[in-house]
Amino acid sequence: MEFIKQLNDVQQAAVKATEGPVLIIAGAGSGKTKVLTFRVAYLLENGVKPENILAVTFTNKAAQEMKSRIASLTKELTQPFIGTFHGFAVSVLKKNSYPYPRFSIYDASDQSKLIKEALSELRISGSEYKPSLFKEIISRAKNELLEPSEYALSAKTSFEKKAAAQVYDLYQKKLSANQALDFDDLLMRIVELFRRNHPALEKHQDRFKYILVDEYQDTNTAQYELIRLLSQKHKNICVVGDIDQAIYGWRGADFRNILKFETDYPETKVFKLEQNYRSTKNILSAAQTIIEKNVLRKPKMLWTDKPGGEKLKIFVFEKASQEAAFVIDEVKRLLGLGFNLADCAVLYRTNAQSRAFEEACLGSGMPYKVVGAFRFYERKEIKDVLSYLKVIIQPKDILAWKRIINVPPRNLPKLSEVFWEKAQKEGVSGELTSVLKGPKKEAFLNFLRLVESLKDKSFSLKLSDLVKEIADKTGYLERLSGKSWEEQERIENINELISIAKQFDDHKSEAAEKFLDSVALIQDADTLSDDKNSLNLMTMHAVKGLEFKAVFVCGLEEGIFPHSRADSKEELEEERRLCYVALTRAKEKIYLSCVRQRNLFGSYNESIPSRFLLEMPAELVEVQGEVWDEDGISIQLD
DNA sequence: CTCTACAGTGTTTTT
DNA sequence: CACTGTAGAG
Ligand SMILES: Nc1ncnc2c1ncn2[C@@H]1O[C@H](COP(=O)(O)OP(=O)(O)OP(=O)(O)O)[C@@H](O)[C@H]1O
């Protein structure tokens, strides 16, 4: 138990307070995650069984890191359940065969398809009301644990809301017809399971006697309720968070959950960590200056005994390409000073901004990785191949059937609604030929035979071989055998998929299902490179929880950051918290940059510097170039 | 039936 | 500009 000496007094006390509810609130870089990790190790060393511990992290990546730290701290060989809310939900739901023994997990594009179907069936014009709008409304309702009927009760005020209630209802029916759950359902159903089935709840309460939750300020109602239910009996619940770092309000997270904690559990022990171990004094003061302008917060103490350090550097450029070129040059200079590429991070508000940096990297031979960009599993060829796997293990998934029935083309385009309705009701089988005409009958039977033969093989082949078989026997690879650079890349992607599938080869009959589930739960942050030799480019959201020696915060212009769509007071406060998060990632160096002309949509827009830039106290920053206002007049910071 | 070309449309952040 | 969806040619 020597390891605990690495912690300061308050941190140690927080680790040792293993029984009863514990709330750890603290600013950035004060060791919250570290305390949580040590707490798990401490529990294990004190004889708590691994299976009695549940630790919830914000990303899979953070879970991995926590697992490996714990492994190095304890002798215990089996790991507790450490994962995200969604990962936990999938594992519990599958074990309980709830709501179905097997279910597909639908991603954003699957959701859009179902919503579009619902819209056209309800004769709601998709051009007047955008599918994405309904997707957001439905997601919000689910995060609030509102079933369609409950949502309908509260949605009588406007035409839009009434329409949304109808769409939600139909969408949900479609999901269940496909025996599928969307992301939000994962949380909603696990709460439903525990509310309906007391023995199941009690079993899990007794199993997970010790519960720990990181980044608690960013939990939504469903997650909050899940934790409340699970911890009700033993009340050994430890949550850590920082309301100044709440940046997912737009997704239904509510930082009031952490403020409520003490009233929810009156016997709560509160620990406040006030020493920051990450950043220099200058960085910390700059971050404080920004966050102190928020009204919706509780002031917190945060200090460091690190040196003042360098001033933050502000750079002003004409165009984004120059901003990017500068950043890459500066990174190269840092390499000369002994920095690793992995010590640097380039942060921006919107994904679209990554482009300029990618081009600059490519142009100067700088290895880089865009965190969360073009997600591998969202590529067409990957989704196609995976859909074959889906219909094999979950034949009720009509959306998957629709995706592949004519991919590659086999004379079965745009089948009638009657066909799909019948398929939905009675399942996909030879019976369906009764609603097909002429040559399509034969084409369809051939297709069915193909899927059947793949299904037969799924029992004997290893998963990776099955995936390979799919790519071959369906003619998918053959079709791609072309010469274009693009097709070449697709072939490589499929091969990549085959090699990823290898990791599941030893799961035997469950391999395909496990594989599909894990694919569905992959997050942007998981693509963060471990590679010491590439520069990480990412959004300020994706950087949550990480730290780097040098951080470049780019695109500090009004309209970009804070974003133009954030206009309410609350949203602006969230932008400000995002800025606080970005700044507090840095250990030593911060570069802030903005450009005068931002190209949005292909045309140039004049921009003015972000308020966050202008608020920087003059004594903490060094300005290179002129900071101007909307009339082009240069202004002084104060 | 399939593919391509173009028009129209829309850009926050993501589990 | 980049993505989607549709109309017409092949
Ligand atoms: N007692 C300590 N002594 C030395 N270093 C510490 C101590 N506690 C934490 N640290 C270091 O401080 C840094 C920040 O820790 P950690 O990531 O756990 O903080 P956090 O509060 O979770 O941060 P954030 O909320 O900003 O993500 C890490 O590098 C960690 O190793």
Side-chain angles (χ1 to χ4, degrees), chain A residues 56-63 83-90 105-109 111-113 116 120 126-128 130-133 135-136 139-140 142-143 181-188 215 218-220 222-223 226 246-253 320 347-356 359 371-375 378 380 406-415 438-440 443 479 482 520-527 538-544 555 559-567 571-572 574-579 581-582 598-605:
Chain A
V56 183
T57 57
F58 202 72
T59 61
N60 297 311
K61 180 93 184 172
T84 63
F85 276 107
H86 291 82
F88 178 66
V90 170
I105 302 171
Y106 276 8
D107 70 6
S109 68
Q111 289 179 46
S112 295
K113 281 187 191 149
K116 280 176 198 161
S120 81
S127 51
E128 242 169 294
K130 281 172 254 144
S132 61
L133 174 74
K135 198 160 90 188
E136 265 168 42
S139 172
R140 194 61 66 91
K142 288 186 174 183
N143 287 159
L181 301 189
D182 65 21
F183 283 127
D184 304 310
D185 270 335
L186 295 174
L187 302 174
M188 196 163 176
E215 308 279 10
D218 271 324
T219 51
N220 62 34
Q223 293 164 337
L226 171 61
I247 55 175
Y248 284 95
W250 53 273
R251 198 172 82 180
L347 309 183
Y348 36 78
R349 175 66 233 266
T350 67
N351 286 307
Q353 289 166 260
S354 73
R355 218 192 144 94
E359 279 166 5
V371 175
F374 2 76
R375 291 197 245 178
E378 281 170 17
K380 183 183 182 311
N406 200 35
V407 176
R410 49 172 77 88
N411 287 333
L412 289 169
K414 291 210 196 324
L415 297 178
K440 281 189 181 164
R479 233 183 98 76
L521 293 177
I522 286 178
Q523 301 168 306
D524 281 354
D526 299 340
T527 62
M538 68 193 107
T539 64
M540 300 180 201
H541 282 87
V543 80
K544 175 167 172 159
I560 298 281
F561 188 39
H563 198 273
S564 51
R565 304 260 298 237
D567 40 18
E571 285 170 312
L572 277 167
E574 186 153 299
E575 297 286 304
R576 195 172 277 283
R577 291 193 292 269
L578 188 58
C579 186
V581 168
R598 174 65 56 184
N599 50 340
L600 270 173
F601 277 113
S603 62
Y604 283 105
N605 282 37

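Just so it is clear: chains get the letters A, B, ... in the order the sequence lines come, proteins before strands, and each one is counted from 1.
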query = Side-chain N or O of A/Thr539 less than 4.0 angstrom from OP1 or OP2 on B/dT14?
reply = yes

ask   = Ring-on-base stacking between A/His563 and B/dT12, under 5.5 Å between centres and under 30° between planes: is it there?
value = yes

request  = Take the protein atom CD of A/Glu575 and the nucleotide atom P of B/dT13, then report the distance between them rounded to whole Å.
outcome  = 11 Å

query = Once you round it to whole Å, what is the distance between C1' of B/dT12 and CD1 of A/Ile247?
reply = 12 Å

request  = Write down the distance between CH2 (A/Trp250) and P (B/dT14), rounded to a whole number of angstrom.
outcome  = 6 Å

note = A/Asn411 has its side chain closest, among B/dC1, B/dT12, C/dA2, to B/dC1

inquiry  = Any side-chain N or O of A/Asn351 below 4.0 angstrom from OP1/OP2 of B/dT14?
reply    = yes

ask   = For the side chain of A/Arg349 and the base of B/dT13, is some donor closer than 3.5 Å to an acceptor across the two?
value = yes

inquiry  = Run the side-chain contact (heavy atoms from CB on, under 4.5 Å) test on A/Asp218 and A/Lys544 for me, step by step, so that the C-alpha distance in whole Å, both residues' side-chain angles and the decisive distance to 0.1 Å come before the verdict.
reply    = CA-CA 11 Å; A/Asp218 271 324; A/Lys544 175 167 172 159; 2.3 Å; yes

inquiry  = How many whole angstroms separate atom CG of A/Leu133 from atom P of B/dG10?
reply    = 12 Å

ask   = So which nucleotide from B/dT15, B/dT12, B/dT2 ends up closest to the side chain of A/Glu571?
value = B/dT12

key: Residue of the set A/Arg349, A/His563, A/Arg565 for which side-chain hydrogen bond (donor to acceptor under 3.5 Å, both in side chains) holds with A/Glu575   = A/Arg349

task = Rounded to the nearest angstrom, tell me the gap between atom CD in A/Glu378 and atom C1' in B/dT14.
result = 10 Å

ask   = So what does the secondary structure string of DNA chain B come out as, 5' to 3', with Watson-Crick or wobble pairs under 3.5 angstrom, [ ] for crossing and | for pairs with another strand?
value = ||||||||||.....

request  = Please report, rounded to the nearest Å, how far the C1' atom of B/dT15 is from the NZ atom of A/Lys142.
outcome  = 13 Å

request  = Anything under 30° is parallel, anything over 60° is perpendicular, the rest tilted; go ahead and classify A/Trp250 against A/His541.
outcome  = perpendicular

request  = Using atom CG of A/Asn406 as one end and atom P of B/dC1 as the other, report the distance to the nearest whole Å.
outcome  = 8 Å

